[in-house]
A.B. asks: 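Please see the structure below; I have some questions.
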There are 2 protein chains.
Amino acid sequence: MNLKQLSELLGLSQTTVSRALNGYPEVNEATRERVLRAVKETGYRPNKAAQRLATGKAGSIGLVMPTAPGHQSDVHFGEFLTGLGEEAVRHDFHFVIMPADPDDEVAALRRLAISGNVDALFVAYMRGHDPRLAMLKSLSMPFVVHGRSFGTEPDYPYLDIDNEAAFNDATRLLLQLGHTRFALMNGPAHLDFAIRRRNGVVAALSERGLELAEDCTTHSVMSDEEGLIAMERFLQLPERPTAILCSSTVLALGAIRAVNQAGLKLGEDISLIAHDDVLPLLKPENFSVPLTTTRSSLRAAGVRIAQRLIGTVKQAGPFPEHELWKTELIVRASTGPAPQD
Amino acid sequence: MNLKQLSELLGLSQTTVSRALNGYPEVNEATRERVLRAVKETGYRPNKAAQRLATGKAGSIGLVMPTAPGHQSDVHFGEFLTGLGEEAVRHDFHFVIMPADPDDEVAALRRLAISGNVDALFVAYMRGHDPRLAMLKSLSMPFVVHGRSFGTEPDYPYLDIDNEAAFNDATRLLLQLGHTRFALMNGPAHLDFAIRRRNGVVAALSERGLELAEDCTTHSVMSDEEGLIAMERFLQLPERPTAILCSSTVLALGAIRAVNQAGLKLGEDISLIAHDDVLPLLKPENFSVPLTTTRSSLRAAGVRIAQRLIGTVKQAGPFPEHELWKTELIVRASTGPAPQD
DNA sequence: TTGGTGTGTCAAAGCGCTTTGAAATTTCCT
DNA sequence: AGGAAATTTCAAAGCGCTTTGACACACCAA
């Protein structure tokens, strides 16, 4: 069933039917009713491709999903997507997801944008000096970035959490508890959040004249295996750290396994603070020793970004260009006073 | 940059340029080269919406993502999507994801199909007597179902794992170990896999004249919280079960927490077998007591379904209509002989 | 009666692509 | 050299929708 058939069925022109459907004022209420009834009966739905071609809009948000044969699926991605979806469903928006090799992201994003089947773009996994920004700005298509790009002028719309403050606060807490030997288990070194979190830690430490040692910093994919490996390395250090900052509860999962295997007690021998994205599967309060965390819901960020994206497409703005969310520091049992040795 | 502009630039007609691009034989090699070079220089990309309108195809797979404000994100969904993506990226296919309230899935699927921006559909979270099947069959659009629909004639293309055999085997193993009091921690009762798994357990038990008690069966969303609650209930039973079958490692996560909190030993006081979808975050071998599991990779299923879907769209078939994968039963430390009491 | 003002409806153009059927050009054979 | 066959290119139609500009028609004031 297409517009032409529907209009013939009704004995009206395509124009009138289209206007009736799209809520234009210049159509008789009785006619509109009649059209709407026919739509319900026939189950007619406008062809989105045609609609898009005609209007340039079709109610869709585009995003790139990093993927590759060896590439591990990322719970953070799914959680964020759920947030986007929660908002999108309210506006009858859908997503166009372009899977792409992580090394090919800028090209993939470009293809997605000029493919002409999205109205707006969402971009994540930001890097320092991210090359996608220049491309995005040249595109004249609305976009919102999750995160920021360290080293780039922040003249683009973003939503980010205050990573630096989060890890600064966490470090301060551990300092107050008397810790002096710190380690940071971070995400991939080129990612923006990793850079900022590290800076937060370093700044807090340097206030007390302390430094973050090279061998007390790891950068890796955020999987539990990597957490385990990193922690095992820390524990073998001659002066082993007593305070661990951890960029994700996923890493913490592995890290804690290592702590247990070494026969150490979390919250006593080792204090640990992890960043909590509020993943349903990894509730910090459900760890055998509940985790002290910096918290910010990834899903909530997804909802908000969808709001801004959809709002911009629908011209329902204005929206703030920049949002920087504070994280909460929630103290549980994984942190305690520095052990006396 | 569009076709018209590009062809003017080259001094060729749109037809010739289009043919050159799409690999038609009736265009001079030299001309093709020239076109290709111009494409590279200008960065021209055909507008997908127009392409779809003209051809009816645009290289996309549609799927519905269940979502709602309270609805918990599902790691299984993300893992499967990763599999789909891994294959899709090889063929330059993308996804159109329509978020929808779980109660609205059939309507959402229908909208997605007739919206005219997907070439094929993927359907999951199958239920017994699933109402989507009739609709899909009436649609004349390729689709593949992940799972099956209990109680419906299997005259639709699917890929499924042999849930019944998996749980039958698992139950048999526990029977051999001398267990007589069984419990099943299952997924939502209306879902196909839950029905079949239950059947597998019941069949194995009845061979020994045993029954699966009503109060030893739970159906719930597969979250760790629900696992915890279910296990706590089991443990309070007057004749508490010693053998637990568990539909997911996610449920097992909570279940084991309950076992620990009760001061019981997994693999001694309680034996547990879980189904393992090979989620990167929940490796059975990384549990404090490594888990005996029935295993089948969700991601691999995603890859395979994407192959079939894309292959069908590209007419690169034929593909088997039905695939039923066997699961592996992998024995680790969470199962042991029934305790003598 | 004439002219102006809304209303409600329509035919036709256009979005950017593919594809059909025909025309122009080259190549091959006798 | 001359005509048939093969090769290369083209103009135009069509995919399903929105939107522009025009056209009837009724209504009221002058």
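Note that the structure is a prediction, hence the values are computed from the model and not measured. Proteins get letters first, then strands, A, B, ... in listed order; numbering begins at 1 in each.
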A.B. asks: Residues from residues 43-57 of chain A sitting under 4.0 Å of DNA chain C, heavy atoms only?
C.D. replies: A:L53, A:A54
A.B. asks: With side chain to side chain contact (heavy atoms under 4.5 Å, CB included) as the test, would you mind laying out the steps for A:V89 and B:D104 before giving the verdict?
C.D. replies: CA-CA 11 Å; A:V89 72; B:D104 188 38; over 6 Å; no
A.B. asks: Given atom CD of A:E33 and atom P of C:dG8, what is their separation to the nearest angstrom?
C.D. replies: 14 Å
A.B. asks: Between the protein and nucleotides 23-25 of chain D, list the N/O to N/O atom pairs that are separated by less than 3.5 angstrom.
C.D. replies:
none

A.B. asks: Given atom CD of A:Q14 and atom C1' of C:dA13, what is their separation to the nearest angstrom?
C.D. replies: 12 Å
A.B. asks: Can you see if the side chain of A:T16 gets near the phosphate of C:dC10 - specifically, an N or O under 4.0 Å from OP1 or OP2?
C.D. replies: yes
A.B. asks: Just to confirm, is there a sub-4.0 Å distance from OP1 or OP2 of C:dT18 to any side-chain nitrogen or oxygen of B:Y24?
C.D. replies: no
A.B. asks: Side-chain donor-acceptor pair under 3.5 Å between A:D192 and A:Y158, yes or no?
C.D. replies: no
A.B. asks: Should B:V35 and B:V27 count as side-chain neighbours, where that means a heavy-atom distance under 4.5 Å?
C.D. replies: no
A.B. asks: Name the closest nucleotide to the A:V27 side chain, picking from D:dT9, D:dT20, C:dT9.
C.D. replies: C:dT9
A.B. asks: Parallel, tilted or perpendicular: which describes the rings of B:H322 and B:Y156, with under 30° parallel and over 60° perpendicular?
C.D. replies: perpendicular
A.B. asks: With respect to B:D119, which candidate in B:R52, B:K57, B:K314 satisfies the side chain to side chain donor-acceptor pair (under 3.5 Å) definition?
C.D. replies: B:R52
A.B. asks: Take the protein atom CG of B:L12 and the nucleotide atom P of C:dA24, then report the distance between them rounded to whole Å.
C.D. replies: 18 Å
A.B. asks: Which value, rounded to the nearest 0.5 Å, describes the distance between B:N117 atom CG and A:K48 atom NZ?
C.D. replies: 7.5 Å
A.B. asks: What is the distance, to the nearest angstrom, from the CG atom on A:L10 to the P atom on C:dC10?
C.D. replies: 10 Å
A.B. asks: Which heavy atom of B:L298 sits nearest to which heavy atom of B:E79, and what is that distance?
C.D. replies: CB-CG, 4.1 Å
A.B. asks: Counting just side-chain N and O atoms, does B:N22 come under 4.0 Å of either OP1 or OP2 of C:dT18?
C.D. replies: yes
A.B. asks: Are the side chains of B:R111 and A:D92 in contact, using a 4.5 Å heavy-atom criterion?
C.D. replies: yes
A.B. asks: Any side-chain heavy atom of A:V144 within less than 4.5 Å of one from A:F319?
C.D. replies: no
A.B. asks: Is there a side chain to side chain contact (heavy atoms under 4.5 Å, CB included) between B:V145 and B:L133 once you walk through the steps?
C.D. replies: CA-CA 9 Å; B:V145 166; B:L133 286 171; 4.0 Å; yes
A.B. asks: Could you tell me the separation between the CD atom of A:E8 and the P atom of D:dG16, rounded to a whole number of Å?
C.D. replies: 12 Å
A.B. asks: Just how far, in rounded Å, is C1' of C:dC15 from CG of B:L3?
C.D. replies: 13 Å
A.B. asks: Do the side chains of B:F122 and B:F95 get nearer than 4.5 Å, heavy atoms only?
C.D. replies: no
A.B. asks: Between A:N2 and D:dC15, is there a contact of a side-chain N or O with OP1 or OP2 at under 4.0 Å?
C.D. replies: no
A.B. asks: With distance as the sole criterion, do the side chain of B:S18 and the base of C:dT19 form a donor-acceptor contact below 3.5 Å?
C.D. replies: no
A.B. asks: How close or far is atom C1' of C:dC15 from atom CD of B:Q5, stated in whole angstroms?
C.D. replies: 13 Å
A.B. asks: Using whole Å, report how far NZ of A:K4 lies from P of D:dT18.
C.D. replies: 16 Å
A.B. asks: Have a look at the helix from C:dT1-D:dA30 to C:dT30-D:dA1 and give the angle its two end axes make, five pairs each, rounded to 10 degrees.
C.D. replies: 60°
A.B. asks: With no angle test and no hydrogens, is the base of D:dT9 tied to the side chain of B:T31 by a donor-acceptor pair under 3.5 Å?
C.D. replies: no
A.B. asks: Starting from the C-alpha separation in whole Å, work towards a yes-or-no answer on side chain to side chain contact (heavy atoms under 4.5 Å, CB included) for A:E105 and A:V123.
C.D. replies: CA-CA 10 Å; A:E105 276 203 76; A:V123 184; over 6 Å; no
